[in-house]
Number of protein chains: 2
Amino acid sequence: MQITTLQTIANLVHYSRSTVSRVLNDQWNEHGISEATAELVIAKAKELNYIKNEGASSLRAKKTFTIGVIVRDITNPFYTQLVKFVENALYTKGYTVIICNTGYDLEKENGHINVLLRRRVDGIILSPNQKSIDNISLIKDRNVPLAFFDCKIDEIEADYILVDNEAGTSEAVNHLISKGHKKIAYIGGDPFESNNRLRYEGYKKSLSKAALPIREHYVKHSNYTFKHGYEASKELIRLNDAPTAFFAANNRIVLGAYKGIIDCGLHIPEDVSIIGFDDFETAIMLPIRLTVVCQPIEEIALCTVDLLLSRINNTNTQSFVTKILKTELILRQSIKGLA
Amino acid sequence: MQITTLQTIANLVHYSRSTVSRVLNDQWNEHGISEATAELVIAKAKELNYIKNEGASSLRAKKTFTIGVIVRDITNPFYTQLVKFVENALYTKGYTVIICNTGYDLEKENGHINVLLRRRVDGIILSPNQKSIDNISLIKDRNVPLAFFDCKIDEIEADYILVDNEAGTSEAVNHLISKGHKKIAYIGGDPFESNNRLRYEGYKKSLSKAALPIREHYVKHSNYTFKHGYEASKELIRLNDAPTAFFAANNRIVLGAYKGIIDCGLHIPEDVSIIGFDDFETAIMLPIRLTVVCQPIEEIALCTVDLLLSRINNTNTQSFVTKILKTELILRQSIKGLA
DNA sequence: ATGAAAGCGCTAACAC
DNA sequence: GTGTTAGCGCTTTCAT
């Protein structure tokens with residue numbers, strides 16, 4: 001059984017490929033094709049179960065209606081959500097999405113970018129690594145429309161959709177301070193990553209504004225993992241002047257810290273208060289539901305898609321945009337007021 | 001700036017498109033192309049930053065090296081993991097993956113399938129809805145290689161990669177029984193879904209074997225949601241002869257049930273024991289870590305990919321295969337032995 | 001050791 | 001109203 005092409009149909013209805021193509025693309029009206037012909041073609045196409053070969057169209061149109069989305073860890077609920085919203089938004093606009101998971105691996109990121117370029121995607125959405133510069137220039141060299149979300153790379157001019165990490169963290173730390181906490185630890189991720197740097201800035205500023213000292217041994221940088229959160233929290237607890245509150249810079253760290261505190265036999269929030277960046281399912285399932293700084297994930301996804309599509313369609317000719325969205329402090333149970 | 005094609009290079013090195021193509025596809029040796037020519041071509045390609053247009057190749061080769069993966073809820077960690085492993089396995093085999101999220105919506109599933117067909121994917125991996133029959137026949141009509149995972153549809157002959165739901169559940173319930181539980185509730189999902197039916201079978205068989213009665217009011221079918229788990233557990237607790245142990249048929253339900261129990265002021269496992277199907281992050285983050293039946297997610301992913309690729313490459317000519325993988329009972333803290 | 005030519009399936013400019 | 005033709009970028013058969 002041969003596959004049905006325009007030619008197959010054309011032969012059978014005794015019209016040309018062009019006519020068939022025009023009918024099937026709903027252009028028969030503006031080309032003055034008779035309704036009879038149109039109906040005949042449509043009927044035959046249905047009968048033969050014709051399905052357009054999108055690849056052939058793409059080749060011809062030099063447009064694939066495909067967008068590549070590259071994230072660092074699709075397993076992290078933050079990215080899962082992001083990807084879900086992006087996929088959905090693009091689907092409704094007629095685009096197909098190729099989701100690429102790099103697992104924080106530059107090699108794999110490189111491989112994925114090359115695949116996307118070979119496939120001539122119309123645009124790429126990227127949650128970059130701080131060290132992705134070389135990989136990103138592959139994209140920029142080709143002038144493939146590109147939008148970043150989640151993370152900023154100072155060296156790269158581009159469109160960014162971000163959240164106000166500094167303000168979000170400040171709000172969190174201010175809240176802690178307002179509850180009487182003076183010894184507040186910061187458990188951070190990669191110290192060179194933009195998000196982490198800004199969150200740390202927010203932390204420092206809030207302390208300064210409240211005339212509280214920034215104590216180096218209260219600051220634990222490493223990476224965005226459960227393990228780091230776990231170990232850092234244990235170390236902090238062992239301190240003579242142990243902090244009374246922890247700020248954790250992402251959803252993995254906060255979980256590790258939570259576990260670390262529990263495993264030390266301490267209670268949240270009676271013994272230690274804790275607040276995390278990112279909201280996520282587990283945060284509300286814990287017996288003490290976590291107070292967190294929530295990122296507007298759906299809004300990030302939608303903004304990114306809009307921005308990218310406006311670039312693709314040349315609708316947007318202004319120079320690079322950096323859009324900063326607001327976070328929201330969600331008060332739950334993991335913070336206690338100090339007497 | 002024009003994009004570099006084979007022709008661009010051919011013109012500049014004064015060889016034909018064919019020669020350039022052969023060189024760039026590493027076939028220059030078997031075609032007796034001189035090394036000098038090859039080097040020249042390669043150098044020029046690099047200089048011009050040539051990137052092959054995969055779409056054009058696909059059109060010619062009638063093969064896209066693209067696989068569609070359709071899941072019901074990418075947000076559910078079970079599927080996220082599955083997708084991650086599938087994507088990774090296919091990536092290493094040179095395939096690109098288009099991930100489609102249906103959100104349990106048949107319309108959207110239909111839309112996604114049509115997109116995949118129009119794009120002439122080489123194969124499709126599908127976690128089907130029980131009611132997907134019409135959608136699936138779209139694929140079967142086209143003879144596009146197809147592999148199912150996660151869920152079986154009795155009416156459809158095809159390749160399936162599944163786990164032994166019945167045995168897994170039996171093992172869980174047997175464990176409960178061995179711990180002295182006699183009043184065991186079953187909080188299930190969609191009663192018509194194959195997984196749920198088999199899990200329920202396992203539940204009933206274990207009870208029967210232990211000569212325990214199957215009490216209808218201990219069985220709560222509805223859907224695989226947190227909400228259902230939550231409400232069902234509350235109802236069960238209110239019963240006069242409330243069960244001492246709950247079996248929850250998936251990761252969402254078990255979380256709901258957990259929360260329901262806590263919210264009733266009861267303690268796990270002192271007051272109620274609980275066991276879930278599926279392992280997942282939150283299960284080990286809860287203060288009482290959940291005892292669960294764990295599905296071998298990576299193995300499911302790998303088997304499915306292998307099977308699908310063997311079909312695509314006509315390596316595997318045997319008739320349809322149903323592969324049933326083993327689950328594993330992971331003992332943690334949510335079950336108490338009854339005196 | 002290399003090239004010419006045909007064609008994958010589609011679309012659009014131009015022709016009548 | 002409809003057809004002809006050219007071409008998107010690539011590969012491959014056949015020829016020399």
Side-chain angles (χ1 to χ4, degrees), chain A residues 1-42 44-45 48-66 115 117-122 142, chain B residues 2-42 44-45 48-66 117-122 142:
Chain A
M1 193 209 78
Q2 257 282 79
I3 218 159
T4 306
T5 70
L6 287 186
Q7 190 67 66
T8 326
I9 298 174
N11 293 153
L12 289 167
V13 297
H14 303 296
Y15 282 104
S16 69
R17 282 211 298 301
S18 331
T19 299
V20 176
S21 167
R22 294 194 264 247
V23 170
L24 264 19
N25 286 308
D26 274 331
Q27 299 169 341
W28 54 280
N29 236 324
E30 62 243 50
H31 282 273
I33 288 171
S34 76
E35 201 162 334
T37 310
E39 276 172 11
L40 181 61
V41 168
I42 290 171
K44 192 51 98 179
L48 299 181
N49 193 11
Y50 170 75
I51 298 183
K52 177 204 275 215
N53 183 328
E54 208 75 72
S57 301
S58 295
L59 180 58
R60 167 80 224 215
K62 288 172 173 276
K63 170 144 174 87
T64 57
F65 281 98
T66 305
V115 169
L117 294 177
R118 283 203 295 274
R119 295 193 171 249
R120 301 289 192 269
V121 293
D122 294 336
R142 291 250 139 196
Chain B
Q2 257 282 81
I3 219 161
T4 307
T5 70
L6 288 185
Q7 190 66 65
T8 326
I9 299 175
N11 292 152
L12 290 167
V13 296
H14 301 297
Y15 283 104
S16 70
R17 282 211 297 299
S18 329
T19 300
V20 176
S21 168
R22 293 195 262 250
V23 170
L24 264 18
N25 286 309
D26 274 331
Q27 299 170 339
W28 54 280
N29 235 324
E30 63 245 46
H31 280 273
I33 289 172
S34 77
E35 200 162 335
T37 310
E39 277 172 10
L40 181 61
V41 168
I42 290 171
K44 193 50 99 180
L48 298 180
N49 192 13
Y50 171 75
I51 297 182
K52 177 206 275 215
N53 183 328
E54 207 75 73
S57 304
S58 296
L59 181 57
R60 169 80 224 216
K62 287 171 173 279
K63 170 142 173 90
T64 57
F65 282 98
T66 305
L117 294 177
R118 282 202 295 271
R119 293 192 174 250
R120 299 290 190 267
V121 293
D122 295 336
R142 292 250 138 196

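All values reported here derive from a predicted model rather than from experimental measurement. Below, chain A is the first sequence line, B the second, and so on; all start at residue 1.
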Write out a two-atom table: protein N or O, nucleotide N or O from nucleotides 14-16 of chain C, distance below 3.5 Å.
none

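For the pair T64(A) and R119(A), the tightest heavy-atom approach, listed with the atom from each and the gap, is CG2-O, 3.6 Å. Residues L24(B) and A45(B) share a closest heavy-atom pair of CD1-CB, 4.1 Å. Among all heavy-atom pairs drawn from S16(A) and A10(A), the shortest one is C-CB, 3.8 Å. Looking at every heavy atom in both residues, I33(A) comes nearest to T37(A) through CG2-CB, 3.9 Å. Considering every non-hydrogen atom in both L48(B) and I9(B), the closest pair reads CD1-CG1, 4.3 Å.
When the side-chain nitrogen and oxygen atoms of S34(B) are compared with OP1 and OP2 of dT2(C), one or more of them lie within a distance under 4.0 Å. Considering only side-chain N and O atoms, K62(A) lies under 4.0 angstrom from the phosphate OP1 or OP2 of dG9(D).
Taking 4.5 Å as the limit, some side-chain heavy atom of N49(B) sits within range of a side-chain heavy atom of R142(A). Side-chain atoms of L59(A) and N53(B), non-hydrogen and from C-beta on, do get closer than 4.5 Å to each other.
Here the C1' atom of nucleotide dT13(D) and the CD atom of Q27(B) are 13 Å apart, to the nearest Å. Put simply, CG on L6(B) is 12 Å from P on dC8(D), counting in whole angstrom units. The distance from atom CG of L59(A) to atom P of dG7(D) is 14 Å, rounded to the nearest whole Å. Rounded to whole Å, atom P of dA1(C) lies 16 Å from atom CG of L40(B). A straight line from CD of E30(A) to C1' of dA12(C) spans 12 Å, rounded to a whole angstrom. In this entry the distance linking CD of Q7(A) with P of dC10(C) reads 10 Å, nearest Å. Rounded to whole Å, atom P of dC10(C) lies 8 Å from atom CD1 of I9(A). Between the P atom of dT2(C) and the CD atom of E39(B) lies a distance of 13 Å, rounded to the nearest Å.
Listed in residue order, the members of residues 49-56 of chain A having a heavy atom less than 4.0 Å from DNA chain C are Y50(A), K52(A), N53(A), A56(A). Looking at residues 11-20 of chain B, you'll see R17(B), S18(B) sit with a heavy atom under 4.0 Å from some atom of DNA chain D.
Residue S58(A) is out of contact with every strand shown, counting any heavy-atom pair closer than 4.0 Å.
The structure places NZ of K44(A) at 14.0 Å from CD1 of I42(A), a figure rounded to the nearest 0.5 Å. Rounding to the nearest 0.5 Å gives a distance of 9.0 Å between CG of L40(B) and OG of S34(B).
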request  = Using the side-chain contact (heavy atoms from CB on, under 4.5 Å) rule, take R120(B) and I51(A) through it: C-alpha gap first, then chi angles, then the decisive distance, then the call.
outcome  = CA-CA 9 Å; R120(B) 299 290 190 267; I51(A) 298 183; 3.6 Å; yes

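Under 3.5 Å, the side chains of S18(B) and S21(B) contain no donor-acceptor pair of N or O atoms.
A cation-pi arrangement is absent between K52(A) and Y50(A) under the rule of less than 6.0 angstrom and at most 45 degrees off the ring axis.
The residue among A38(B) and R120(B) whose nearest nucleotide of DNA chain C is located toward the 5' end is A38(B).
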